[in-house]
Amino acid sequence: VMSPAGCSHVNSFKVENWKQNLRLIYQCFVWSGTAETRKRKAKSCICHMCGAHLNRLHSCLYCVFFGCFTKKHIHEHAKNKRHNLAIDLLYGGIYCFMCQDYIYDKDMEQIAKEEQRKAWKLQACGLFSFLLPIVFRLSGVGEKYSTWEPTKRELELLRHNPKRRKITTNCTIGLRGLINLGNTCFMNCIVQALTHTPLLRDFFLSDRHKCEMQSNSCLVCEMSQLFQEDFFFYSHHLCLHEYMLYTCWSCKAYILNYSQLLQCSYTEELTCLTASHRICTVKGDDNGKKANNPNHCNCIIDQIFTGGLQSDVTCQVCHGVSTTIDPFWDISLDLPGSSAPFWPLSPGSDGGVVNGESHLSGATTLTDCLRRFTRPEHLGSSAKIKCSGCHSYQESTKQLTMKKLPIVACFHLKRFEHSAKLRRKITTYVSFPLELDMTPFMASSKESRMNGQYQQPVDSLNNDNKYSLFAVVNHQGTLESGHYTSFIRQHKDQWFKCDDAIITKASIKDVLDSEGYLLFYHKQFLEYE
């Protein structure tokens, strides 16, 4: 682990002409300000072991060697040659293999900034002056992602205002009650969950949203302003902007195509997420070009909330499989007690623990609901499909699995039942865990699952698919009337109950004993992209 004073291993690199050598690496293989250096980088920067261009290429600082970080080829080189420092060729960060972390060195950071500015100027010189504002806005060159450098006046203000905001375990920054404007408790709960979503919070608080809409009907701008007020203004309560509510309801025609569940707050959650998604991707940038394909949208909403659901339809005659992958923003799960038959998947009432959930007295668990969701379903003779292998209509089975997991997984427990004969709320208790492993429900784990049952993964150290609970939305009342509240996690193991404008401290037991309507889980480990 790197000491607070910084990495001591950089001294072995700081020998004669080290600054000149580092500048040369930044100029030729990292920032590449001219067309010639970009061509050289594209031609030369390949892994010397596997020949790949991607996989997080790093360059050794001691010799001419490029290696994959993902496949650990650069690690092998560092171990064999005892060359402990390497540079990330995409972002310019310095990695120390002794500290096993990216490091900060004031001198190296200064060189990196200087060479980055030079590269921006060189890129700008090759363009017509009247195109520069457009290029800056679309590509971010020199403006959008430039680092902040304080002016003399700002430095003077900092000297006269030395007090810093300290984050402690008892800190209440970001905890703000939301005033009920008249049956808006459903929206208040969803906003509380969104404002406590770590990546979404960081995005808005770093002022990353650059609105280019001609009209003033941008829901993302409203969300951005709400984040600023939530974390930076010291009012006791916040009030959702009327325009934010209006913007959500103005999207109702779009939402109706997605879900008919207008009777419950689940629709309002879709309003916040899918409306933001649509507004973020309609412009003519790289995201806008792919706006018709949510699988490839790169806006912040889809980066966080969108996953890929794989559907495998298997012919019962030739066993041919037809596979489709669709995006999803949430997973709706059936519950025992509904008109839909619920397969008894619990391992019994012996008090065993699966995925951190206790099976006391045969209680249904979130894992049970996910097993039912991903079990093979026989479609029957009334729903035959035309098999491409048999060239005729045959009976088949359908199975859903997770092809790609989102960073934030939202599980919707279907407590409101609407049918031709029945309209009611299902109050079945469902046990849900603080930590959830989604590995058994992945498409890659399908082979280990037989008839809805699965084997525990052998690699228990694999954390790629593990999630932590950070928000729970609950509904008290009946189908006709009721009230929504939420639990949100402020810090590790510190929970608060949000009841409109009233926020009170809650215990983990309070959270896990609640009924549960919407469950928000965040990935414990994020992949490098």
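In this chain, numbering begins with 1 at the start of the sequence shown.
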### Query
Which class fits the ring pair Tyr517 and Tyr484: parallel under 30°, tilted 30 to 60°, perpendicular over 60°?
tilted

### Query
Is the Tyr521 to Phe411 ring centre distance short of 6.0 Å?
yes

### Query
Is a salt bridge present between Lys425 and Glu515, judged by a nitrogen-to-oxygen distance below 4.0 Å?
yes

#### Entry: Polar contact flag, side-chain donor to acceptor under 3.5 angstrom, His522-Ser468
no

### Task
Identify the heavy atoms of Thr195 and Gln192 that sit nearest to each other, and give their distance.
OG1-O, 3.1 Å

### Query
Looking at CG of Leu512 and CG of Leu434, how far apart are the two atoms once the value is rounded to the nearest 0.5 Å?
4.5 Å

### Task
Over all heavy atoms of both residues, which pair between Phe328 and Pro406 is shortest? Give the atoms and the distance, please.
CZ-CD, 3.8 Å

### Message
Please find the pair of heavy atoms, one from Thr401 and one from Met442, that lie closest to each other, and give the distance.
### Response
CB-C, 4.1 Å

### Query
Quick one: side-chain hydrogen bond (donor to acceptor under 3.5 Å, both in side chains) partners of Asp499, sequence neighbours excluded?
His483

### Message
Tell me whether Arg372 is salt-bridged to Asp334, with the criterion being a basic N under 4.0 Å from an acidic carboxylate O.
### Response
yes

### Message
Centroid separation under 6.0 Å, is that true for the rings of His475 and Phe186?
### Response
no

### Query
Sequence neighbours excluded, which residues qualify as side-chain hydrogen bond (donor to acceptor under 3.5 Å, both in side chains) partners of Ser322?
none

### Task
Run the salt-bridge test on Glu417 and Arg424 with the 4.0 Å N-O cut-off and return the result as yes or no.
yes

### Message
Within the 3.5 Å criterion, strictly below it, is a donor on Trp329 or Thr306 matched to an acceptor on the partner's side chain?
### Response
yes

#### Entry: His196-Phe520 aromatic ring centre distance below 6.0 Å
no

### Summary
Tightest non-hydrogen contact, residues Val430 and Cys369, listed as CG1-SG, 4.4 Å

### Task
Would you kindly say whether Asn474 and Gln476 are connected by a side-chain donor-acceptor distance under 3.5 Å?
no

